[in-house]
Number of protein chains: 2
Amino acid sequence: MNRKYMQKFKDIGLKLTPQRLAILGFLEGNPDHPSAEDIYKAVSVQFPTMSLATVYKTLDALREKGYIIELTIDPAKKRFDPFKKMHHHLICTLCKRVKDIHADFMLDIPEQVRGDFRITGNHIEFYGVCPVCRNGHERRI
Amino acid sequence: MNRKYMQKFKDIGLKLTPQRLAILGFLEGNPDHPSAEDIYKAVSVQFPTMSLATVYKTLDALREKGYIIELTIDPAKKRFDPFKKMHHHLICTLCKRVKDIHADFMLDIPEQVRGDFRITGNHIEFYGVCPVCRNGHERRI
DNA sequence: ATTCCTGCAAACGATTTGCATACTC
DNA sequence: GAGTATGCAAATCGTTTGCAGGAAT
């Protein structure tokens, strides 16, 4: 497992530090689309000296290399998605939980609407209410 | 024209002030999806004593009443859309210009993906490069 | 040895809040 | 007159930056 990361880091030209390993480990396969603060809290358990600035800098480096995606689904803060494959999101409007949608949608913009834009991609946000909130149990925000 | 706003404000239970009238006037039919700062600059021409806080408070009131929509397309700041009708956005990844897409897309999430979410709506962001940026002329950001 | 990373503190930009004054209803 | 909006300044929150010491290559 560590071996996998080490190779990955070498490949993308980043130095491998314990902090980065922890951040990457927390992100890997994480379906929660955590914020920088979320990540900071999680890795601080292992690394009490960890700085929030380091989290931001690492996330920025990873984003630059295309390893993670920065989401703009939350007006209040950035959230990060480790999934490299193109996908969409289903967002609970109450608790802000985000679920990945790995489905393909063929979308064509009518020519006269598209105008002279060159379309390079799309991202769909589905809105809804998750099972937990519907039952009125928990509420994360 | 003022009459129209006055009625609208009465309807939604907000007091009509010159500042709010100016903000609403600037927003009405505006296709640029301005930020609070943009709005502030624009209305400051008429109202030099206008405060940015007032802009924010007004926008918040309008959003609460469902009169405008807050967009999360820009990680750096909120942008506002006066369009009440459901629509999508075509975003230039270089200059961040946003164009409205008034087209309907029939999107169905596969049952096993949707799970127990109750879907209430969706919003599609198309990404691309606008004609201006493609020609390398202007760049807004 | 060189280059890059960490972590602290300070800086920053967007947004929010408290409050006294002024306005709309 | 009651209730709300304005506008200022200060506070807050997420994020970024500068920099000195430390670690990875």
Side-chain angles (χ1 to χ4, degrees), chain A residues 2-3 5-24 33-65 67-68 70-80 96 141, chain B residues 2-3 5-25 33-41 43-65 67-68 70-80 96 141:
Chain A
N2 281 11
R3 196 157 295 278
Y5 291 137
M6 293 169 74
Q7 191 50 50
K8 201 165 275 167
F9 264 76
K10 260 192 197 152
D11 291 350
I12 61 182
L14 293 176
K15 285 187 178 167
L16 189 65
T17 66
Q19 292 90 332
R20 288 183 166 181
L21 203 53
I23 291 173
L24 214 42
H33 309 78
S35 66
E37 182 78 28
D38 294 336
I39 298 167
Y40 173 64
K41 276 186 195 146
V43 290
S44 287
V45 176
Q46 287 180 61
F47 293 87
T49 74
M50 166 74 71
S51 157
L52 193 49
T54 299
V55 175
Y56 277 109
K57 283 169 185 166
T58 299
L59 289 173
D60 211 52
L62 292 173
R63 183 188 46 74
E64 214 167 68
K65 300 294 185 180
Y67 187 75
I68 62 175
E70 180 185 313
L71 303 180
T72 58
I73 51 180
D74 192 333
K77 49 173 163 285
K78 294 178 181 176
R79 305 217 359 213
F80 297 87
K96 309 288 188 225
I141 289 180
Chain B
N2 280 11
R3 197 157 295 279
Y5 290 138
M6 293 168 73
Q7 190 51 48
K8 201 164 273 169
F9 263 77
K10 260 193 198 151
D11 291 351
I12 61 184
L14 293 177
K15 286 187 180 168
L16 189 65
T17 67
Q19 291 89 333
R20 288 182 166 181
L21 203 54
I23 292 173
L24 212 43
H33 309 77
S35 66
E37 182 78 29
D38 293 335
I39 297 167
Y40 172 65
K41 276 186 195 146
V43 290
S44 287
V45 176
Q46 286 180 62
F47 292 89
T49 74
M50 166 75 70
S51 157
L52 194 48
T54 299
V55 174
Y56 276 109
K57 284 169 185 168
T58 299
L59 289 172
D60 211 51
L62 291 173
R63 183 189 45 74
E64 215 167 66
K65 301 294 184 177
Y67 188 75
I68 60 176
E70 181 184 312
L71 303 180
T72 58
I73 50 180
D74 191 334
K77 49 173 163 284
K78 295 177 181 176
R79 308 224 347 221
F80 296 86
K96 310 286 189 227
I141 289 181

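Chain letters run A, B, ... following the sequence lines, proteins first and then strands; every chain starts at 1. Given the structure is predicted, the values throughout are model-derived calculations rather than measurements.
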Would you kindly give the CZ-to-P distance between A:Arg79 and D:dC13, to the nearest whole Å?
-> 18 Å
Of C:dA14, C:dC5, C:dT6, the nucleotide closest to the side chain of B:Tyr56 is C:dA14
Whether A:Thr72 side chain and B:Thr72 backbone form a donor-acceptor pair below 3.5 Å = yes
State, with a plain yes or no, whether a side-chain heavy atom of B:Gln19 is found less than 4.5 Å away from one of B:Val43.
-> no
Quick one: do B:Arg63 and B:Asp60 satisfy salt bridge (Lys or Arg N to Asp or Glu O under 4.0 Å)? Show the steps, please.
-> CA-CA 5 Å; B:Arg63 183 189 45 74; B:Asp60 211 51; 2.6 Å; yes
Interatomic distance, A:Asp60 CG vs D:dT15 C1' [rounded to whole Å] = 10 Å
In whole angstrom, give the distance that lies between atom CD1 of A:Ile39 and atom P of C:dT6.
-> 14 Å
May I ask you to verify if any side-chain N or O of B:Gln19 is less than 4.0 angstrom from the OP1 or OP2 atom of C:dC23?
-> no
Taking only the side-chain heavy atoms of B:Lys15 (C-beta and beyond), determine which of D:dT4, C:dG7, D:dG7 contains the nearest atom.
-> D:dT4
Within residues 47-55 of chain A, the residues having a heavy atom closer than 4.0 Å to DNA chain D are A:Leu52, A:Ala53
For DNA chain C, whose closest nucleotide is more 5', that of B:Ser35 or that of B:Leu14?
-> B:Ser35
B:Ile23 CD1 - D:dT6 C1' separation (whole Å) | 11 Å
Check: B:Thr58 main-chain N/O paired with B:Arg20 side-chain donor or acceptor under 3.5 Å = no
Nearest-nucleotide pick for B:Lys77, side chain only, options being D:dT17, C:dT17, C:dT15 = C:dT15
Interatomic distance where CG belongs to A:Leu16 and C1' belongs to C:dC4 [whole Å] | 13 Å
Closest non-hydrogen atoms of B:Tyr40 and B:Ser51, given as atom of the first, atom of the second and distance, are CE1-C, 3.8 Å
Where the side chain of A:Thr17 is concerned, which of D:dG7, D:dA24, D:dT17 is the nearest nucleotide?
-> D:dA24
Among D:dT15, D:dT6, C:dC5, the one nearest any side-chain atom of A:Ala36 is D:dT15
Once you round it to whole Å, what is the distance between P of C:dT6 and CG of A:Leu21?
-> 11 Å
What integer distance in Å separates A:Tyr40:OH from D:dG14:C1'?
-> 14 Å
Under a 4.5 Å cut-off applied to non-hydrogen side-chain atoms, are B:Glu70 and B:Phe80 in contact?
-> yes
Check B:Leu24 against B:Leu62 and note the closest heavy-atom contact, atom names and distance.
-> CD1-CD1, 4.0 Å
Base, sugar-phosphate, or nothing: which does A:Glu37 touch, judged by heavy atoms less than 4.0 Å apart?
-> nothing
Give B:Ala76 one of three labels, base, sugar-phosphate or nothing, depending on what nucleic acid heavy atoms sit under 4.0 Å from its own.
-> sugar-phosphate
Within the structure shown, what part of the strands sits under 4.0 Å from A:Lys78 by heavy-atom distance: base, sugar-phosphate, or nothing?
-> sugar-phosphate
Which atom pair, heavy atoms only, marks the closest approach of A:Ala36 to A:Val55?
-> O-CG1, 3.7 Å
Short side-chain N/O contact from A:Arg20 to OP1 or OP2 of C:dT6, under 4.0 Å = yes
Can you tell me the distance, in whole Å, between the CD atom of B:Glu70 and the C1' atom of C:dT16?
-> 13 Å
